[in-house]
> 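My questions will all concern the structure given below.
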Amino acid sequence: MRRFTLYDSMSREIRAFVPNTPPRVNLFVCGLTPYDEAHIGHARTFVFFDVVARALTRWGYRVFSVQNVTNLDDKLIERAGATGEDPLALAERHFLSWRIACERLAIRSVNYYPHATDYTPEILAQIRTLIDRRYAYAAAGSVYYEVAKFARYGALSGQRTEALRPGARIEVDPAKRAPEDFVIWKAATPGEPTWESPWGPGRPGWHIEDTAITLRLFGPRYDIHGAGLDLIFPHHEAEIALAEGTTGEAPLVNYWMHGGLLTMKGEKMSKSLGNVYALSTALDEFGPMVLRLFYLNAHYRSPLDFVRGKSLEEAREAYATLAQPGQRIDEILEREGPERAGEPLPDELEREAGALPELLDAALGTDFNTREAIALLFGWSRRLAGVGERLETFSGEALTNLATPYDWGREVLGLFERTPSGRAGAWAAVVPIAIAARARARARGDFAEADRIRDELKAAGVRLEDHASGTRWSFAGTG
RNA sequence: GCCGAGGUGGCAGAAUGGUUAAUGCGACGGACUGCAGAUCCGUUUCCUGGGGGUUCGAUUCCCUCCCUCGGCUCCA
C-alpha cells in the first residue's frame, strides 16, 4: 500500500493517510438528488472522486465506494406534483440518465448506489436511538434533531449556531425548539409517499439518510467522506451530529474531502441560478475525455471557471496534443501486434518511460494533484512528438514501454479511453475507402476532386491530415 | 455580519524560503504541404492583488487592507 497525503477539511491541514482497517478503504460520496438532469458542475465532483478511488486501487488499497441517491425529498415531490408523476419514478428516471452519463464519463469506481428509501427501516431505528439518547424529540408528527445537545456541532464548518443570522433561510417551523434544529422525520402531507412510524406516517428528512447508510455499511467510523464544498454546512455538520449522537463514537469520518465548485463566469453553476450546461449536452458536443481533462486540469479544491465557447474548446485542443502520441502507438500495435519486430528503445527513452509512473504516483499522492500529473504527461507527449516518424520503426516491445505513461493515465485519470460507438464503427469502415479515392485523385493531380472529398468528410465531422506516412483521420471535436 | 476558499503572464492554471515561476491554450516565426489543416522545431523579454513585517533572500511564513467566489438550513 502506497503512502500518500490528502487535505482534511476537518483539521484544515494536509495529513498522511492511515486506513482504518487496511487494506480496506471505505469511501462515501454524497450523491445527487435526481430531480432534474445533471449539469457539468455535478460531474466535476464525481469525476474527481472517481480518480481518488482509481488511485487508491492502484496503490494497493481495497476501496469500497458508495454514493447515495436521495430519491425522495421536497424538491422531487414538488417537481413530480407539477406533472402528476410519482416522485419515486421521477427520481429513478433521472437517476438512470445520471448513470448513463457516468458510464460515458468512464466513472466506474462506484460499487454501490444506495437509495434513501431502501434504508427506511435503518432510519427509523436510528431515530428511535436518537430519541432514547435525547438528541431528538418528536413534535407535531415530525421528529427533530436538537442541535444544542451536540456540543461539537459546528466543528467542521466553523459555524456557531448563535452566529447564524436571523433572516437567512432558516425555515419557520413552530414545532422546533430552536431554529437551528432540523427535521429527521417529516410528518406526512397528503399525496406524498409515506411510511408508518411510531410518530405517525411520514418520510425521512434529508440529512439522516447518509448516516443510516454509512452506519449500516461501514459502521460507526470510516475513512473518507467526499462531496462538493457546498455541502459542508449544514449537511455534513448534521451528519456528524446524527452519527456520533447515535453511536457515541467519534469521529465518524477520518478524512473529509471537499471539492471546489464549478463556476460559470465566476458564479456557481446551479439550477436555481439558471446558468446550467447539461452534462449530456457537453458529452455530445465534446466527448468524455475532453470533459475529464477539463476537470482534472485544475486542482480539485480550487474553483474552476467554465466559460461557454472557450473552456471546453481549449480542453479539446489540449487533449488532442496530449493524447496523440499514445494513439499513434496504439494504432501501430493494433495494426501489427505487440510482437512486431523493430528497433529497440534508446536507453534514454526507456529510462524516462520507466521513471514516469513513479513521478505520476508521487504527484497524485500529494493531495491528489491531478494537474501536476497532467503536466508530466504533457511533457511525455511532447517528448514523443519530437521522436516523430521514427516511432514507426520501433519494436512492439519498445512501443509498449513508450505507452506506459499513457497506461497510467488511462488507469488512474481515466483518460485516453477510446469510446467507440456504433457511429464510430461505421465510419471506420467507410472513411478509409474515401481516403483511398482521394489519394488516387491526388496522384493523378486532380486536386479539385481531392479537396471535394476532404471537404465533404469535414462537413460530416471527419478531419483528414496528410502525413509522410499516409493520411490519418479523426472525428473533429471529440475525444 | 459570521465561517471558508481564492487573487500568479494575453487567457486557463500549477509549484516552491534560493540560479531562466511548471504545463496547456492563444499569438508570432520557421519546417513540412499542390493548397489547407494537423504535426514538428523555435520564440512569447516585462506575470505572483496593495501595504507593512520576519529573513542574507519572500510569490511562499506572519500582520493588515482591498477584491472575487462559496456557505450561513434547497445545493456536487
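Order of the sequence lines sets the chain letters (A, B, ...), proteins ahead of strands, with each chain counted from 1. Not measured: the values here are computed from a predicted model.
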> Examine the base of B/rC41 for any acceptor or donor lying under 3.5 Å from a partner atom in the side chain of A/Arg382, and report the outcome as yes or no.
no
> Can the ring centres of A/His39 and A/Tyr277 be said to be less than 6.0 Å apart?
no
> Check the distance between B/rA31's P and A/Glu389's CD and give it to me in whole angstrom.
19 Å
> With a centroid cutoff of 5.5 Å and a plane-angle limit of 30°, would you call A/Phe447 stacked on B/rG34?
yes
> Calculate the interatomic distance between A/His258 atom NE2 and B/rA76 atom P; express it in whole Å.
13 Å
> B/rC72 C1' sits how many Å from A/Leu156 CG, rounded?
14 Å
> Look only at the side chain of A/Thr370 and the backbone of A/Leu296, and say whether a donor-acceptor pair between them is shorter than 3.5 Å.
yes
> How is A/Asn369 classified with respect to the nucleic acid when contacts are heavy atoms under 4.0 Å: base, sugar-phosphate, or nothing?
sugar-phosphate
> A/Ile232 CD1 to B/rC69 C1': how many Å, rounded?
14 Å
> Students often mix this up, so state it plainly: with edges at 30° and 60°, are the rings of A/His235 and A/Trp206 parallel, tilted or perpendicular?
parallel
> Indicate, yes or no, whether a donor-acceptor pair under 3.5 Å links the base of B/rA36 to the side chain of A/Asp466.
yes
> What nucleic acid atoms does A/Gly386 come within less than 4.0 Å of, heavy atoms only: base, sugar-phosphate, or nothing?
sugar-phosphate
> Look at the side chain of A/Tyr112 and the backbone N and O of A/Asn68, then say whether any donor-acceptor pair between them is shorter than 3.5 Å.
no
> Distance criterion of 3.5 Å, no angle test: do you see the side chain of A/Arg454 paired donor-to-acceptor with the base of B/rA36?
yes
> Assuming nearest nucleotide by heavy-atom distance, tell me which of A/Ile374 and A/Tyr300 is located more 5' along RNA chain B.
A/Tyr300
> Categorize A/Arg301 for me: base, sugar-phosphate, or nothing, with a 4.0 angstrom heavy-atom threshold over every strand shown.
sugar-phosphate
> By the 4.0 Å heavy-atom rule, please label A/Gly154 as base, sugar-phosphate, or nothing.
nothing
> If you look at every strand shown and take non-hydrogen atoms under 4.0 Å, does A/Phe378 touch a base, only sugar-phosphate, or nothing?
sugar-phosphate
> Among B/rG34, B/rA38, B/rG71, find the nucleotide with the atom closest to the side chain of A/Asp451.
B/rG34
> Please confirm whether the ring centroid of A/Tyr35 lies under 6.0 Å from the ring centroid of A/His94.
no
> Is the A/Phe49 to A/Tyr300 ring centre distance short of 6.0 Å?
no
> Between A/Arg177 and A/Tyr137, is NZ or CZ placed under 6.0 angstrom from the six-membered ring centre and within 45° of the ring axis?
yes
> Starting at atom NE2 of A/His236, determine the distance to atom C1' of B/rU73, rounded to an integer number of angstrom.
14 Å
> As a check on the pairing definition, encode RNA chain B in dot-bracket form, counting Watson-Crick and G-U wobble pairs whose two distances are under 3.5 Å, and using | for partners outside this strand.
(((((((..(((.....[....)))((((((.......))))))....(((((..]....))))))))))))....
> Hey, does the side chain of A/Arg292 reach the backbone of A/Leu415 with a donor-acceptor pair shorter than 3.5 angstrom?
no
> Any donor-acceptor pair under 3.5 Å between the side chain of A/Asp305 and the base of B/rG13?
no
> What integer distance in Å separates A/Trp206:CH2 from B/rU73:C1'?
9 Å
> Grab the CZ-C1' distance between A/Arg371 and B/rA21 for me, whole Å please.
14 Å
> For A/Leu464 and B/rU33, give me the distance from atom CG to atom P, rounded to whole Å.
18 Å
> Return the nearest nucleotide to the side chain of A/Tyr153; candidates are B/rU73, B/rC40, B/rG24.
B/rU73
> Does A/Ser302 put a side-chain nitrogen or oxygen below 4.0 Å from OP1 or OP2 of B/rA14?
yes
> Taking only the side-chain heavy atoms of A/Arg442 (C-beta and beyond), determine which of B/rC35, B/rA76, B/rC11 contains the nearest atom.
B/rC35
> Quick check: A/His115 with A/Phe95 (ring centres under 6.0 Å apart)?
yes
> Establish, with yes or no, whether the OP1 or OP2 oxygen of B/rC25 is under 4.0 angstrom from a side-chain nitrogen or oxygen of A/Thr321.
yes
